[in-house]
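Structure record follows, encoded as structure tokens.
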Number of protein chains: 2
Amino acid sequence: MPGQLKWRHRFQAHVSRWTVPREVILDLLSRTSKHMSVKEIYASLYKMYPGIGLTTVYRTLDLLVRAGFINRFPSGDGQNRYEFKSNKKKEHHHHLVCIKCRKIIDYSDFVDEELELVKKTEEILAKKHSFNVLGHNIEFYGLCEKCK
Amino acid sequence: MPGQLKWRHRFQAHVSRWTVPREVILDLLSRTSKHMSVKEIYASLYKMYPGIGLTTVYRTLDLLVRAGFINRFPSGDGQNRYEFKSNKKKEHHHHLVCIKCRKIIDYSDFVDEELELVKKTEEILAKKHSFNVLGHNIEFYGLCEKCK
DNA sequence: TTACTAATGAATATGGTTATCATTATCATT
DNA sequence: AATGATAATGATAACCATATTCATTAGTAA
Ligand SMILES: [Mn+2]
Ligand SMILES: [Mn+2]
Ligand SMILES: [Zn+2]
Ligand SMILES: [Zn+2]
């Protein structure tokens, strides 16, 4: 089953209609490893599909976040960035964030060791603060190769 | 040496004049354990000091971040939140964030164990990606006692 | 005190995101 | 294939957090 079609089915569990904007946005994010801003996503789509509306980009991204297809995170410069969320558990990763150019580097080194500690921490914290832990964000920030 | 005076000295290494807005903002943040938004800070100050301007609150918070007195972090709801940064190394902590009411809980359990791993990870990542690591953010998100 | 000018705050601008609403396009039904 | 109900779109305007402008105020060295 080709990717598009598989997504279409997964997606239609959440919304009723499969549309061109939804297809091209999902397609773009699934093909890139970048952590794109709305501006970047819109600019990229506009080339191939000049009719697309900025509003729809926002709405669709929101939808995709709620449906669990993508992650959203504040970029520190006032905008959000989005990344395709792989459904493979293997591809869980954390971030290295440049505070100057806002570039985000994925890494998965030590994830096993980290995850063990993270899991343990989650359990204790959940009990101690009566908190229902749903996930975590771990990032290192600093200056990337170009910016330092 | 009382707190105010000590801050005044530390602060004046960064700016030339000690003013009422700077004093009350620094004082407020140093006394609370909350992670306050600008709106909350402004509202709180306005009671005691109705003349204060929102612009000055923004400017002063910016100054305090640059001077290393406070931390700023995006709250996930489009606003930033601020917390007083203790100069005691001991009080380094991470966050438990409620995705519903945006409450932030500090925790420092496992920080020693975490920090060891974190430090090791920092070194490897720095080498591997030619990245100058300046710090880290670790947070667990989920639902707090009231919201779950 | 005075003079210099950093800092303030009211007003305005900016920029990312959201709401409104008339129009369009999807898709189940025929 | 054509129809019709309505979900989705996109242009426009609103919203809201934050930044900028600039005339006025106030901290500080002299
Ligand atoms: Mn990533
Ligand atoms: Mn904190
Ligand atoms: Zn960079
Ligand atoms: Zn909560």
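Every chain is numbered from 1, with letters handed out A, B, ... down the list of sequences.
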- [ ] Report the distance from atom CD1 of I104(B) to atom NE2 of H35(B), rounding to the nearest 0.5 Å.
- [x]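 Output value for this atom pair is 5.5 Å.
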Open item on the list: Would you compute the distance between atom SG of C147(A) and atom CG of N132(B) and round it to the nearest 0.5 angstrom?
Closed with: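 The distance works out to 11.0 Å.
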- [ ] Applying side-chain hydrogen bond (donor to acceptor under 3.5 Å, both in side chains) between E40(B) and each of Q79(B), K34(B), R81(B), report the one that passes.
- [x]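 Checked Q79(B), K34(B), R81(B) against E40(B); only one passes side-chain hydrogen bond (donor to acceptor under 3.5 Å, both in side chains): R81(B).
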Of the candidate nucleotides [options], which contains the atom at the shortest distance from the side chain of [X]?
X      : options                  : answer
R8(A)  : dG16(C), dC27(C), dG9(C) : dC27(C)
S16(B) : dA7(C), dC27(C), dT17(C) : dA7(C)
Q12(A) : dG9(C), dC27(C), dT18(C) : dC27(C)

Counting heavy atoms not belonging to [X], are there more than 12 under 6.0 Å from its [atom1]?
X       : atom1 : answer
Y49(B)  : OH    : yes
K148(B) : NZ    : yes
K85(B)  : NZ    : yes

Open item on the list: Using 30° and 60° as the class boundaries, would you call the ring planes of Y42(A) and Y46(A) parallel, tilted or perpendicular?
Closed with: tilted
Rounded to the Å, how far apart are [X] [atom1] and [N] [atom2]?
X      : N       : atom1 : atom2 : result
Q79(A) : dG15(C) : CD    : C1'   : 9 Å
L26(B) : dA7(C)  : CG    : P     : 15 Å
L54(A) : dA19(C) : CG    : P     : 14 Å
R81(A) : dG16(C) : CZ    : C1'   : 13 Å
L63(B) : dA6(C)  : CG    : C1'   : 12 Å
D77(A) : dT14(C) : CG    : P     : 19 Å
D62(B) : dG9(C)  : CG    : P     : 16 Å

Give each protein N/O atom lying under 3.5 Å from an N/O atom of nucleotides 22-25 of chain C, with the pair distance.
none

Taking only distance into account, with no hydrogens and no angle test, what donor-acceptor pairs under 3.5 Å do side-chain atoms of residues 118-129 of chain A form with protein atoms, sequence neighbours excluded?
residue: K120(A); atom: NZ; partner: E113(B); partner atom: OE2; Å: 3.2
residue: T121(A); atom: OG1; partner: L117(A); partner atom: O; Å: 2.7
residue: K128(A); atom: NZ; partner: D109(B); partner atom: OD1; Å: 2.6

- [ ] Would you indicate what R22(B) reaches in the nucleic acid, counting non-hydrogen atoms under 4.0 angstrom: base, sugar-phosphate, or nothing?
- [x]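 Since only primed, P, OP1 and OP2 atoms lie under 4.0 Å of R22(B), the category is sugar-phosphate.
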TODO: Remember a base hit wins even if backbone is also touched, and classify Y49(A) as base, sugar-phosphate or nothing at under 4.0 Å, heavy atoms.
DONE: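 It contacts sugar-phosphate atoms only.
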- [ ] For DNA chain D, note the earliest and the latest nucleotide, 5' to 3', having some atom under 4.0 Å of a heavy atom belonging to chain B.
- [x] dA17(D) to dT28(D)
Open item on the list: Closest-nucleotide mapping onto DNA chain D: is K39(B) or T55(A) further toward the 5' terminus? I mean the 5' end.
Closed with: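 Its nearest nucleotide being more 5', the pick is T55(A).
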TODO: For Y58(B) and for V15(A), locate the closest nucleotide of DNA chain D by heavy-atom distance; then report the residue assigned to the nucleotide nearer the 5' terminus.
DONE: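 Result of the comparison: V15(A).
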Open item on the list: Using the ring-ring contact (aromatic ring centres under 6.0 Å, His included) definition, which of the options F140(A), Y141(A), F73(A) pairs with H95(A)?
Closed with: F73(A)
Open item on the list: For dA30(D), give the paired nucleotide (Watson-Crick: N1-N3 plus N6-O4 or O6-N4; G-U: N1-O2 and O6-N3; both under 3.5 Å), or none.
Closed with: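 Looking at the geometry, dA30(D) pairs with dT1(C).
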TODO: Counting Watson-Crick and G-U wobble pairs only, both distances under 3.5 Å, name the nucleotide matched with dT24(C), or none.
DONE: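 By the stated definition (distances under 3.5 Å), dA7(D) pairs with dT24(C).
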- [ ] Quickly, which of L64(A), T56(A), T60(A), D27(A) forms a side chain to side chain contact (heavy atoms under 4.5 Å, CB included) with R22(A)? Name it, please.
- [x] T60(A)
